Structures are given as C-alpha cells and as structure tokens.
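Fair warning: this is a prediction, and the values are worked out from it, not measured in the lab. As a basis for the values below, the full set of heavy atoms in this structure was taken, side chains included, without hydrogen atoms, waters or symmetry mates.
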Amino acid sequence: MYSGAAAAAAAGPPRRDFISVTVGSEEAVGVGSYNNSKAWRRRSCWRKWKQLSRLQRSVILFLFAFLAVCGVISYTSMGEVWKSITNKSLDDQRTEQEIPRLKLANPAVLPAPQNADASRGVYRELSLQKPPKPPHVRRGPSNLQIKAPRRDTRLKIQQDTMRTVEELVEADKVEKTEKTIISWRGAVIEPDQSTEPPSSKIMEPEKPSSVEAEVQKEPVPINERQLAVIEAFRHAWKGYKDFAWGHDELKPLSKSYSEWFGLGLTLIDALDTMWILGLKEEFEEARKWVANDLVFDKNVDVNLFESTIRILGGLLSTYHLSGDSLFLEKAKDIGNRLMPAFKTPSKIPYSDVNIGRGTAHPPRWTSDSTVAEVTSIQLEFRELSRLTGDEKFQKAVDEVMKHVHTLSGKNDGLVPMFINTNSGQFTHLGVYTLGARADSYYEYLLKQWIQGGKKENELLEDYMRAIEGVKKHLLQRSEPKKLTFVGELAHGHFSAKMDHLVCFLPGTLALGAHNGLAADHMKLAETLIETCYQMYAQVETGLSPEIVHFNLHAQKGHKDVEIKPADRHNLLRPETVESLFYMYRFTGDKKYQDWGWEILQNFNRYTRVPTGGYTSINNVQNPSNPEPRDKMESFFLGETLKYMFLLFSDDIDLINLDKYVFNTEAHPLPIWVPA
C-alpha cells in the first residue's frame with residue numbers, strides 16, 4: 001500500500017475526480033448503489049427484458065395473455081353465482097311472506113285452442129295420468145299451451161335456486177306442522193300441506209298469468225273419433241244458431257226454441273266446449289253475443305242451482321281457459337245477483353231468485369230445498385271469491401256445508417233428499433238415494449276437498465262415510481249377469497231402482513282413488529261402470545233410459561235390466577260418458593273408449609235431426625220409432641259432447657285432472673295449491 005502511494009506521488013499531482021468518475025460511470029459500467037427510484041427500476045427491468053432471447057420473451061407474453069383470458073372467464077362465472085345468491089336471498093324473504101297465499105295448480109290462462117281443422121293424426125299410446133308430483137314439478141296442458149321460449153343459463157340457475165328455496169320451505173313446514181292422518185276403514189289419507197282448512201280470508205284477486213311449462217310436448221293430433229265429436233257438435237250448433245240463437249234451448253224438430261230463464265243457457269254452457277274442441281270461429285261468435293246481448297238485469301226467476309252450475313260455472317271456466325276478463329265480469333254480475341237466495345233464517349238458500357229485483361223465495365208448493373241443489377254450488381262460489389277477493393260468496397256456501405255436516409237424520413253418511421230453509425233441518429226422513437235430488441251432494445264433497453288442496457277434513461270424512469253407507473245399504477247384484485248396481489232405500493225397504501244420474505258415481509270413485517283414497521273405490525268403480533254400460537247395451541236402441549229396475553232373481557227370458565213405460569225416455573244425458581272418461585284417463589283401458597264410441601254412434605242413429613241439432617227421445621225400446629221429444633238440453637253441448645271429446649283424446653294433459661276439477665255441469669275449474 002505504501003509503495004502504491006509513492007508511485008502515485010512520483011507520477012504527478014493527485015487526481016481529484018475519482019468520485020465523479022465513479023458516479024458518472026455507474027450507468028456505463030453497471031455498478032453503483034441501489035436507490036429504489038422508479039426510474040432506476042424501469043431501466044433495470046428493461047435491461048433484463050432485452051437480455052432475454054426472443055423465445056423466452058414469446059413464452060412470457062403467451063403466459064400473460066392466457067392468464068388474462070382466464071381472469072375474464074372467472075369474473076363472468078363469479079358474477080352469475082353472486083347474482084343467483086342475491087336472488088336466492090330475496091326469494092327467501094318473499095317466500096316467507098307469501099306462503100299462506102293460495103294460487104292455481106297451473107296458470108289461469110290457457111292459450112288459443114288447437115284448431116279443430118288440424119291434420120288428422122294416428123292414435124298415440126296413452127300415458128296413464130299419475131297422482132300429482134311434488135309442487136315444484138309443474139306441467140301444463142301441452143296442446144292448449146304456447147310453446148315456452150328457450151331458456152338460457154341464467155334462467156336455469158334462477159329456476160334451480162327457486163326450486164331449492166321451495167324444498168327448504170316445504171321441509172321447514174313439515175318440521176313445524178304435525179299432520180293429521182285420517183284413517184277410514186283401511187284408507188289412510190294425509191293432507192298435502194296442512195290439516196287446517198283454507199283461510200276464509202280471501203287474498204287479493206289474481207290475474208291470469210302467461211303459460212310457462214317445465215316440460216313441453218308436441219300437441220297430440222286430433223284423431224278420427226274426436227273429429228266425429230267435432231262434427232256432431234257443429235251439427236248441433238248449426239241447429240241452435242239457425243233456430244234458437246241467444247235463447248235457452250233448441251227445439252230442433254219444430255225449428256224453434258224454448259225459454260227457461262231467457263239467458264242463452266245453451267250458448268253459455270257450450271263456451272268452454274268450443275274452446276276445448278278448437279272451434280275458434282264459433283267461440284268468437286258466441287263471445288260477441290255474451291259481450292253485447294247477455295244482460296242479467298231482468299225481472300225473471302231463476303233456479304239457484306241450475307244458474308250456478310250452468311251460467312256461473314260456464315263463465316268462470318271460460319275465463320280460466322281463455323283469460324278473457326269479459327267472462328269474469330259477467331260471472332261477478334250473476335254471482336252478486338244470486339246472493340239474495342242465502343237470506344233465509346237458517347242460511348240454507350232458497351231455490352229461486354229474481355235476478356232483476358234481488359228477491360228470493362222457495363218453490364210455491366213447499367219451503368224445502370233439495371239437498372243436492374244447496375250443496376252443489378260450492379265449487380263455483382268459492383272460486384268466484386278467490387278471483388274477486390270478495391269473501392261473501394265463499395262464506396255463504398261454506399256455512400251451508402258446515403251446517404249440513406252437523407245435522408242428524410243421516411244414515412251411515414247417506415242424506416235425505418230435502419232440507420227446510422226455515423228450520424235448517426232435513427225433511428222427508430228415511431229415503432236415501434244417489435239419484436235425483438241427492439246425487440251431486442256426494443260428488444261435491446270429494447271435489448271441494450280436491451279443489452281446496454285436500455285440507456278440509458270434514459268434507460273428506462263425510463265423503464268416506466257416505467261411500468261406506470252406499471256399500472252397506474244400497475249395493476246389490478242383479479241376475480243373470482250379476483251386475484253390481486246402486487239402488488234406493490225407503491224406510492228400511494230396498495228398491496232395485498237406479499237412475500241414469502247415478503252413473504256419475506264410477507267416475508267420482510275413480511277420481512277419489514286417483515287422489516289417494518282407498519283402492520277398493522277403484523274396484524267398485526270398475527264394476528259400476530260395467531253396469532252403466534249394460535244400461536245401454538241391453539236396450540234395443542243402445543241408449544239408456546232415464547231409470548232402470550234390476551232383476552234380483554233369475555227369470556227365464558229376462559235380462560238384468562227392466563224398463564217401465566214412464567222411464568224409457570233418454571235426455572241425451574252425460575253421466576255414463578263422464579265416468580267412461582275418468583276410467584279411461586286413469587286406467588288406459590281402450591274398452592272404455594269403445595263403449596263411448598258405441599254410445600255416440602247410437603246418438604247419431606236415433607237422436608240426430610237432419611236440419612241441425614239432436615233431440616231427446618221418449619222410447620229407447622223402439623228403434624223404428626224412438627218418439628223424438630223435440631228438445632235439445634243445454635248439457636248435451638256443455639257436458640255430453642265435451643266428455644266424449646276428452647274420452648277419445650290420447651293426451652292426458654288435455655284438462656289435466658291434477659290441475660282441474662270439473663263442476664257437475666262439466667265446467668273445469670282450477671285446483672288451488674299453496675304457493
């Protein structure tokens with residue numbers, strides 16, 4: 001070290017710029033202290049980047065690009081998830097608030113019907129209508145629906161979220177509510193949601209909503225037999241339009257009409273039939289008449305029961321099928337005008353109402369009403385309350401059912417035929433029948449229970465008890481074919497008399513079995529529908545009389561069925577065809593369609609009038625002269641041909657029986673289910 005200094009001294013004066021050389025040359029030589037400045041870092045990184053080869057730089061750029069793409073995709077996916085979570089939170093809150101609310105089992109609006117003139121199709125194998133699936137699996141009538149739009153991924157996520165919410169809510173309700181189990185001689189029935197009856201407080205009126213089905217199927221083509229029904233309807237409609245337009249009933253032979261209430265009964269009864277059959281032109285023509293000419297402000301007495309099932313029921317049904325508010329407004333009008341009937345000391349309604357004056361009265365010859373009439377208006381008035389939000393309609397008819405439930409005078413669930421409007425007690429005790437004046441009481445016990453979501457246990461108990469009463473007191477077997485039939489009981493004496501009206505019972509029993517009631521109800525239905533068919537098959541014209549008597553003892557040369565001269569008329573009634581429809585829908589057995597086809601052919605053979613319309617006949621035992629009566633009842637278009645068309649359909653979703661319940665005039669009304 002010393003020698004170095006000496007050498008420097010010998011060389012000349014010492015250099016003083018070494019510090020500046022060091023600082024000035026640090027960029028050139030790549031040395032110096034790290035000062036953490038941004039400029040220094042940028043220059044250092046750029047230097048390193050330039051030192052990389054072209055291949056290395058390409059690989060790094062590719063990795064950066066790949067990570068950027070992955071980031072964009074991840075952001076999109078996470079956005080959907082967060083959005084669905086937010087929706088779920090909101091839906092949870094809404095669900096907690098809306099659980100008590102009732103809504104329809106399917107949307108209220110059914111779009112325009114399949115055109116009746118569509119191309120003919122080949123029969124499709126029927127898929128039997130199964131019991132209802134859990135509430136979150138929803139299906140609607142495919143050939144009455146607009147095809148749902150294609151769903152994107154976001155909608156699917158939202159639907160899955162809603163489905164999860166519904167399942168959680170349902171599980172929570174199961175934990176909080178102890179279900180009541182009703183056991184009735186081997187039948188165990190658990191109400192679907194709650195054992196409490198539907199609240200008497202009516203929610204805000206609901207508007208029809210657009211159809212959106214989870215499962216969509218191609219419409220089932222109209223088959224040959226359905227086309228025959230359409231042709232029969234058009235022929236009947238031609239006679240009505242030409243000779244009785246706007247009046248109650250057609251007299252096809254005299255080419256005129258008869259009036260009962262003067263309210264166009266046939267036209268209103270046929271509205272939903274035209275919609276279901278796809279007769280668009282005829283429907284629009286009839287709608288114009290309803291809009292312009294149907295007026296209820298008339299000084300006329302109408303029968304409460306008949307006006308309810310035909311007019312109110314027909315208007316409500318047509319509103320649900322078409323979504324046209326015109327029919328709901330008309331239904332509200334007639335419903336309000338019928339309410340004076342309930343102003344009685346006992347709350348059992350009078351039979352007759354003057355819809356113009358707002359007064360009501362019993363028949364002139366008695367203060368009694370028939371049990372069937374006062375207990376077969378409930379489906380319609382309850383539905384009117386649900387749609388309008390006015391509880392007075394449902395309250396009035398529910399009071400009737402609760403009162404009848406408590407009455408004495410029943411015989412193992414069977415009820416007498418008359419009830420007094422002043423005392424509220426049964427009269428004419430000791431006579432029990434499932435025919436005229438009592439029949440639809442039993443039908444509406446079951447159907448109200450179904451309509452209300454299977455919660456009103458009093459209705460179910462009365463129905464089950466009554467069916468046991470039928471088995472105990474009214475069932476017998478005929479000779480020689482041992483047909484099971486339903487007779488009558490009068491003061492302890494059995495009569496082998498059976499009205500054609502009783503043939504509603506096989507269909508009702510089958511409907512109950514489909515909804516979870518005892519399996520032996522279906523077995524009884526199968527035996528009784530055979531009997532109802534034989535009431536046609538054993539008669540010369542192939543048409544049933546109004547009343548038959550069965551032979552209880554074998555006699556040489558005698559059939560099971562005997563017909564008295566006063567009972568041999570046929571009014572074009574629907575009850576057997578109605579039950580055939582239910583039996584085919586639930587079993588898929590083609591013989592029921594074949595039996596219905598025989599009946600339709602015989603109607604065409606013996607009751608069809610060439611100039612238009614069909615007529616009831618006086619003598620079903622005389623094929624050469626069945627003695628036409630010159631009258632076409634409104635229920636021939638409203639019920640008989642409608643059930644024929646549905647019987648021949650191979651589409652179980654054409655008026656799905658898990659979503660609709662028919663009133664006693666064949667007008668389908670929606671089944672209520674909790675939201």
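Taking Y536 as the reference, H500 meet the ring pair (Phe, Tyr, Trp, His ring centres under 6.0 Å) condition, with sequence neighbours excluded. Looking at residues two or more places apart in sequence or on another chain, you find a side chain to side chain contact (heavy atoms under 4.5 Å, CB included) between D499 and A436, E488, K497, L501, V502, I547. Listed by chain and residue number, K241 satisfy the salt bridge (Lys or Arg N to Asp or Glu O under 4.0 Å) test with E285 (two or more places apart in sequence, or in another chain). Under the side chain to side chain contact (heavy atoms under 4.5 Å, CB included) criterion, V374 pairs with I348, P349, S369, V400, I419, sequence neighbours left out. Under the ring pair (Phe, Tyr, Trp, His ring centres under 6.0 Å) criterion, Y582 pairs with no residue at all, not counting sequence neighbours. Under the ring pair (Phe, Tyr, Trp, His ring centres under 6.0 Å) criterion, H247 pairs with Y257, not counting sequence neighbours. Taking the side chain to side chain contact (heavy atoms under 4.5 Å, CB included) definition, one finds that S579 meets it with P506, I529, sequence neighbours left out. With sequence neighbours left out, K481 forms a salt bridge (Lys or Arg N to Asp or Glu O under 4.0 Å) with no residue at all. Qualifying ring pair (Phe, Tyr, Trp, His ring centres under 6.0 Å) partners for Y592, counting only residues two or more places apart in sequence or in other chains: W595.
Sorted by first then second residue, the ring-ring contact (aromatic ring centres under 6.0 Å, His included) pairs that include residues 542-575, not counting sequence neighbours, are F485-F550. The stretch residues 599-631 participates, sequence neighbours left out, in these ring-ring contact (aromatic ring centres under 6.0 Å, His included) pairs: H235-Y614, F603-F636, Y614-F636. Here side chain to side chain donor-acceptor pair (under 3.5 Å) pairs that include residues 523-532, with residues two or more places apart or in two chains, are E530-Q534.
At least one donor-acceptor pair closer than 3.5 Å links the side chain of N303 to the backbone N or O of E306. A donor-acceptor pair is defined here as one N or O able to donate and one able to accept, closer than 3.5 Å; such a pair exists between the side chain of N551 and the backbone of K559.
With respect to I377, the side chain to side chain contact (heavy atoms under 4.5 Å, CB included) criterion is satisfied by exactly one of N663, L312, L338, T308: T308. Just one of T576, L434, V577 meets the side chain to side chain contact (heavy atoms under 4.5 Å, CB included) condition when paired with C503; it is T576. The only option from K447, E380, R310, E443 that meets the side chain to side chain donor-acceptor pair (under 3.5 Å) definition with T664 turns out to be E443.
For the pair Y444/S376, a side-chain contact is recorded, criterion being any heavy-atom separation below 4.5 Å from C-beta on. The closest side-chain heavy-atom distance from Q448 to L459 is below 4.5 Å. Residues L279 and F233 meet the side-chain proximity criterion, which asks for heavy atoms closer than 4.5 Å. Counting only heavy atoms from C-beta outward, the side chains of E562 and V548 never approach each other to under 4.5 Å. Looking only at side-chain heavy atoms (C-beta outward), F645 and T273 stay at 4.5 Å or farther from each other. Annotation: side chain of L263 is in contact with side chain of I311 (closest heavy-atom distance under 4.5 Å). No side-chain heavy atom of F581 sits under 4.5 Å from any side-chain heavy atom of F648. Contact of the T607 side chain with the L572 side chain is registered, since non-hydrogen atoms from C-beta on lie closer than 4.5 Å.
Heavy atoms only, all atoms of each residue included: I599 and L580 are closest at CD1-CD1, 4.2 Å. Residues N619 and T541 come closest through the heavy atom pair O-CG2, 4.5 Å. The minimum heavy-atom distance linking N602 with G542 is given by the pair ND2-O, 3.3 Å.
Counting non-hydrogen atoms of neighbouring residues, nucleotides and ligands closer than 6.0 angstrom, the CZ atom of R629 exceeds 12 such neighbours. Annotation: K255, atom NZ; neighbour count of heavy atoms from other residues, nucleotides and ligands within 6.0 Å does not exceed 12.
In this structure, K631 NZ and I617 CD1 are separated by 15.5 Å, a value rounded to the nearest 0.5 Å. Atom CG of N515 sits about 7.0 Å away from atom CG of L517, to the nearest 0.5 Å. In this structure, L637 CG and E249 CD are separated by 10.5 Å, a value rounded to the nearest 0.5 Å. If you take CD on Q593 and CG on L600, they are separated by 12.5 Å, rounding to the nearest 0.5 Å.
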Original post:
Could you go step by step and tell me if L250 and T615 meet the side chain to side chain contact (heavy atoms under 4.5 Å, CB included) rule?
Top reply: CA-CA 9 Å; L250 169 67; T615 179; over 6 Å; no

Original post:
Checking salt bridge (charged side-chain N to carboxylate O under 4.0 Å, His left out) for the pair K642/D269: CA distance, chi angles, key distance, verdict?
Top reply: CA-CA 11 Å; K642 182 187 298 166; D269 231 357; over 6 Å; no

**OP:** For E598 and Y533, run side-chain hydrogen bond (donor to acceptor under 3.5 Å, both in side chains): C-alpha distance rounded to whole Å, both residues' side-chain angles, the deciding distance at 0.1 Å, then the answer.
**Re:** CA-CA 10 Å; E598 290 178 23; Y533 168 66; 2.9 Å; yes

**OP:** Walk me through it: do E231 and R608 pass the test salt bridge (charged side-chain N to carboxylate O under 4.0 Å, His left out)?
**Re:** CA-CA 12 Å; E231 191 280 329; R608 184 178 173 115; 2.8 Å; yes

Original post:
Would L315 and K330 count as a side chain to side chain contact (heavy atoms under 4.5 Å, CB included) if you check the C-alpha gap in whole Å, the side-chain angles of each, and the deciding distance to 0.1 Å?
Top reply: CA-CA 7 Å; L315 291 170; K330 294 292 184 179; 3.8 Å; yes

**OP:** Give the intermediate values and the outcome of side chain to side chain contact (heavy atoms under 4.5 Å, CB included) for residues S254 and D630.
**Re:** CA-CA 7 Å; S254 57; D630 194 23; 2.8 Å; yes

**OP:** Show your working on side chain to side chain contact (heavy atoms under 4.5 Å, CB included) between L271 and F327 and close with a plain yes or no.
**Re:** CA-CA 10 Å; L271 283 168; F327 302 107; 3.9 Å; yes

**OP:** Please step through salt bridge (charged side-chain N to carboxylate O under 4.0 Å, His left out) for the pair E284 and K288, ending with a clear verdict.
**Re:** CA-CA 6 Å; E284 287 301 323; K288 289 179 183 177; over 6 Å; no

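A salt bridge does not link K556 to E479: none of the charged side-chain nitrogens sits closer than 4.0 Å to a carboxylate oxygen. Look at D520 and K471 and you find a salt bridge, because one of the NZ, NE, NH1 or NH2 atoms lies within 4.0 Å of a carboxylate O, short of that distance. Between R573 and E633 there is no salt bridge, since no side-chain N of the basic residue sits under 4.0 Å from a carboxylate O of the acidic one. Residues D324 and R287 are paired through a salt bridge, judged by an N-O separation under 4.0 Å between the basic side chain and the carboxylate.
Using a 3.5 Å distance cut-off with no hydrogens or angles, the side chains of S649 and D651 do not pair a donor with an acceptor. With hydrogens and angles left out, the side-chain atoms of Y584 and K590 include a donor and acceptor closer than 3.5 Å.
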